[in-house]
Asks: 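One structure is given below, represented as structure tokens, and several questions about it will come after.
Protein chains get the first letters and strands the later ones, always in sequence-line order, with residue 1 at the start of each.
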There are 2 protein chains.
Amino acid sequence: MKRRNTPAQQAILAMLKSSPSALSQDMIEQQLKGEADRVTIYRVLNRFCEDGLTHRIVSDDGKSYFALCKKCEKHHHAHDHFHFRCVHCQKVECLEEEVKASLPAGYSALNVNCWVSGYCAECRV
Amino acid sequence: MKRRNTPAQQAILAMLKSSPSALSQDMIEQQLKGEADRVTIYRVLNRFCEDGLTHRIVSDDGKSYFALCKKCEKHHHAHDHFHFRCVHCQKVECLEEEVKASLPAGYSALNVNCWVSGYCAECRV
DNA sequence: CTCACTAATGCAACAATGTTGCAATAATAA
DNA sequence: TTATTATTGCAACATTGTTGCATTAGTGAG
Ligand SMILES: [Mn+2]
Ligand SMILES: [Mn+2]
Ligand SMILES: [Zn+2]
Ligand SMILES: [Zn+2]
């Protein structure tokens, strides 16, 4: 199934590229102001993940956030870093720190989803 | 506001105490087979968290899981451990391993929500 | 034990996030 | 220019969770 280049995809990819923080569907919808349907945004984001352009991080605020893959190789993706969500400005960031968790014997890890929430430097109290 | 002792609460607390894994609302509802309303289960679980009996862990499967507080002191709760979810048998466990994440300068942490998903020892492939 | 107070429950309705079916639209390649 | 079909928009739906409100039932006082 060959991909096509559409305005919605271009706009969303541009947003992700220019944004310093990861984005959720509702953030994108707001900024697009009706340029694309709610469902289209979800579908575009899912496609980006399938294609290895972005990774999805499921937050404890009940939403999924999407961040560009930066250090991933074409066929080797690794998203085992921590994520940070500022409870004040809602910014979501991929942290440098890698997740290192030792599992009980016999367990094997497929995926990691690690969040720290709190105040970012700008929102510090 | 003084708490009262009701059958629903007793049943849910008993389930949590006897279960080796953390439980979600739907798991509890299934096992209770109509003994308690959906909403009641949610309210009981929230009350348990307020009272420091359990802690809530929000999973990347879109559900909240609830686990008894074991090592927490009355007025000092610490839930900064990893959690594991088996993608095959759905079991959710609190792991021993503590989360240690170093944040960027100026950031402060309020809460931590860390998951590893994969196969547990019983479901190993 | 009886009673009054009100915490807890059940039900209906709602909110938020996300997915699916289907007809219409529009990229793309021939 | 045209045919093919990926992508879109809309409506409907699924899941998880919360809220309002009338009813039920713990609990402590008398
Ligand atoms: Mn990647
Ligand atoms: Mn605790
Ligand atoms: Zn902030
Ligand atoms: Zn398992």
Asks: According to the interplanar angle, ranging from 0 to 90°, do the rings of His88(B) and Tyr119(B) count as parallel (below 30°), tilted (30 to 60°) or perpendicular (above 60°)?
Replies: tilted
Asks: In whole Å, I'd like the distance from the CZ atom of Arg4(A) to the P atom of dT28(C).
Replies: 8 Å
Asks: Under 4.0 Å from OP1 or OP2 of dG17(D): is there any side-chain N or O of Ser64(B) that close?
Replies: yes
Asks: In whole Å, I'd like the distance from the CE atom of Met1(B) to the P atom of dT27(D).
Replies: 15 Å
Asks: So, is Arg3(A) near the phosphate of dT7(D), with a side-chain N or O under 4.0 Å from OP1 or OP2?
Replies: yes
Asks: Would you indicate what Asp26(A) reaches in the nucleic acid, counting non-hydrogen atoms under 4.0 angstrom: base, sugar-phosphate, or nothing?
Replies: nothing
Asks: Does OP1 or OP2 of dT9(C) have a side-chain N or O of Arg47(B) closer than 4.0 Å?
Replies: yes
Asks: Looking at NE2 of His83(B) and OG of Ser21(B), how far apart are the two atoms once the value is rounded to the nearest 0.5 Å?
Replies: 11.5 Å
Asks: Lys2(B) side chain N/O closer than 4.0 Å to the phosphate oxygens (OP1, OP2) of dA7(C)?
Replies: no
Asks: How do Gly62(B) and Val39(B) order along DNA chain D: which one's closest nucleotide is nearer the 5' end?
Replies: Gly62(B)
Asks: Taking C-beta and beyond as the side chain, do Met15(B) and Leu32(B) meet within less than 4.5 Å on heavy atoms?
Replies: yes
Asks: Look at Tyr42(A) and dT19(C) and indicate whether a side-chain polar atom (N or O) is within less than 4.0 Å of OP1 or OP2.
Replies: no
Asks: For Asn5(B) and for Arg38(B), locate the closest nucleotide of DNA chain D by heavy-atom distance; then report the residue assigned to the nucleotide nearer the 5' terminus.
Replies: Arg38(B)
Asks: Please tell me if Thr6(A) has a side-chain N or O lying less than 4.0 Å from either OP1 or OP2 of dA6(D).
Replies: no
Asks: Counting distance only, does the side-chain N/O of Thr40(A) pair as donor-acceptor with the main-chain N or O of Ala36(A) below 3.5 Å?
Replies: no
Asks: For dA8(C), take OP1 and OP2 only and decide whether either is under 4.0 Å from a side-chain N or O of Thr40(B).
Replies: no
